[in-house]
Amino acid sequence: MDEYADGFGHPHGNYWLGLEHVYNILQNYRSFELQVVFTFDSPDWNWVQGFYYGFNISDRLDHYRVTFSFYSGSPTSPSGDSLTSGAYTINGRPFSTYDSDSSNHDCPGRFNGGWWYLDDPVCSRANVNGKRHDTSFESSWHWQDDLGDRTSFHKVNLGVVRFTS
């Protein structure tokens with residue numbers, strides 16, 4: 001869990017800011033959104049994005065449990081909702097890693113990374129912390145949503161944006 005709490009990678013490449021840093025940022029204002037942006041390999045789709053309003057995570061003692069108020073796709077290029085859709089919502093789920101698995105189904109091992117996994121053999125309808133173009137669907141980047149299964153990403157960006165209403 002320490003690696004995901006503290007952050008890792010290269011700031012100008014593959015980079016995980018760290019759950020503790022994100023938690024501290026979220027304490028500064030009342031409301032934030034999580035912006036999800038995908039850039040695709042294929043020429044059919046340049047990029048798509050979605051927004052999860054009311055984004056928050058709890059502190060380390062509560063295992064960085066994630067919460068959202070609602071999802072809204074971009075009007076012209078929506079990403080589809082893979083995080084809060086129906087029975088497979090990760091809303092309220094604790095963060096799981098190899099050494100701290102709250103999924104009870106070895107989801108960090110099967111999906112090859114940490115995430116807010118379900119307590120269900122499905123684990124998650126999204127994996128943005130896996131490997132790009134891995135041979136296993138579970139451990140590769142994917143985003144299953146109302147727009148279909150997507151796996152041909154060139155780049156995935158998750159950003160925390162201050163939401164003002």
Side-chain angles (χ1 to χ4, degrees), residues 1-9 14-27 31-38 48-73 78-153 156-161 163:
M1 177 66 84
D2 289 342
E3 190 175 35
Y4 281 94
D6 299 336
F8 56 88
N14 291 332
Y15 188 62
W16 180 266
L17 179 60
L19 294 165
E20 193 62 28
H21 299 296
V22 173
Y23 169 77
N24 288 328
I25 290 168
L26 296 175
Q27 301 315 298
S31 189
F32 284 89
E33 66 188 53
L34 176 68
Q35 179 185 26
V36 181
V37 180
F38 299 101
V48 295
Q49 68 178 341
F51 302 93
Y52 290 89
Y53 292 90
F55 168 66
N56 206 349
I57 61 173
S58 63
D59 62 17
R60 186 179 188 127
L61 294 174
D62 196 33
H63 304 282
Y64 302 108
R65 196 172 299 273
V66 67
T67 54
F68 308 101
S69 296
F70 65 93
Y71 165 81
S72 178
S79 64
D81 181 7
S82 292
L83 304 183
T84 63
S85 182
Y88 296 110
T89 181
I90 65 167
N91 206 358
R93 293 295 303 155
F95 197 84
S96 289
T97 60
Y98 300 109
D99 60 343
S100 179
D101 184 5
S102 299
S103 74
N104 300 311
H105 298 279
D106 188 33
C107 296
R110 289 173 39 212
F111 279 62
N112 210 14
W115 190 247
W116 292 278
Y117 294 112
L118 302 169
D119 185 1
D120 186 285
V122 169
C123 294
S124 181
R125 295 179 46 80
N127 184 10
V128 297
N129 286 339
K131 294 181 178 178
R132 186 172 175 229
H133 301 305
D134 198 53
T135 55
S136 162
F137 177 76
E138 285 182 335
S139 63
S140 66
W141 285 358
H142 63 268
W143 191 260
Q144 298 174 282
D145 57 37
D146 53 321
L147 303 175
D149 294 349
R150 299 186 181 194
T151 59
S152 61
F153 308 127
V156 178
N157 292 320
L158 300 176
V160 177
V161 181
F163 174 63

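Numbers for residues simply follow the sequence, beginning at 1.
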Task: Residue among Phe70, Tyr71, Phe32 satisfying ring pair (Phe, Tyr, Trp, His ring centres under 6.0 Å) with Tyr53 - done: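 Exactly one option meets the ring pair (Phe, Tyr, Trp, His ring centres under 6.0 Å) with Tyr53, and it is Phe70.
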
Open item on the list: Using the salt bridge (charged side-chain N to carboxylate O under 4.0 Å, His left out) criterion, which residues pair with Asp99? Sequence neighbours excluded.
Closed with: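 Applying salt bridge (charged side-chain N to carboxylate O under 4.0 Å, His left out) to Asp99 gives none.
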
- [ ] Using only heavy-atom distances, determine whether the side chains of Tyr52 and Asp81 contain a donor-acceptor pair under 3.5 Å.
- [x]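 There is such a pair (donor and acceptor under 3.5 Å, judged by atom type) between the side chains of Tyr52 and Asp81.
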
TODO: Ignoring hydrogens and angles, state whether a donor on the side chain of Tyr64 or Glu20 is under 3.5 Å from an acceptor on the partner side chain.
DONE: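 On atom types as modelled, these side chains qualify, holding a pair under 3.5 Å.
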
For a 4.5 angstrom cut-off between non-hydrogen side-chain atoms, does [X] reach [Y]?
| X | Y | answer |
| --- | --- | --- |
| Pro108 | Tyr117 | yes |
| Ser58 | His63 | no |
| Val22 | Val160 | yes |
| Cys107 | Ser124 | no |
| Glu33 | Phe55 | no |

Reported [atom1]-to-[atom2] distance for the pair [X] and [Y], which is rounded to 0.5 angstrom:
| X | Y | atom1 | atom2 | value |
| --- | --- | --- | --- | --- |
| Asp62 | Ile57 | CG | CD1 | 10.5 Å |
| Asp59 | Gln27 | CG | CD | 8.0 Å |
| Phe68 | Thr89 | CZ | OG1 | 7.5 Å |
| Ile90 | Thr67 | CD1 | OG1 | 10.5 Å |
| Leu34 | Asn56 | CG | CG | 11.5 Å |
| Leu118 | Ser102 | CG | OG | 12.0 Å |

- [ ] Would you mind checking if Asp2 and Arg60 are paired as a salt bridge, meaning a charged N to carboxylate O distance below 4.0 Å?
- [x]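 Salt bridge: yes.
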
TODO: If the plane angle is over 60° it's perpendicular, under 30° parallel, otherwise tilted; pick one for Tyr4 and Phe95.
DONE: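 Plane angle between 30° and 60°, so tilted.
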
TODO: Would you please name every residue forming a side chain to side chain donor-acceptor pair (under 3.5 Å) with Asp119, sequence neighbours left out?
DONE: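 Once residues adjacent in sequence are excluded, the partners of Asp119 under the side chain to side chain donor-acceptor pair (under 3.5 Å) criterion are Asn104, His105.
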
Open item on the list: Checking Tyr98 now: which residues fulfil side chain to side chain donor-acceptor pair (under 3.5 Å) with it, not counting sequence neighbours?
Closed with: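 If we apply the side chain to side chain donor-acceptor pair (under 3.5 Å) test to Tyr98, skipping adjacent residues, the hits are Asn112.
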
For [X] against [Y], the heavy-atom pair lying closest together:
| X | Y | answer |
| --- | --- | --- |
| Ser103 | Arg93 | CA-NH2, 4.1 Å |
| Ala126 | Leu83 | CB-CD2, 3.9 Å |
| Tyr15 | Phe8 | CD1-O, 3.3 Å |

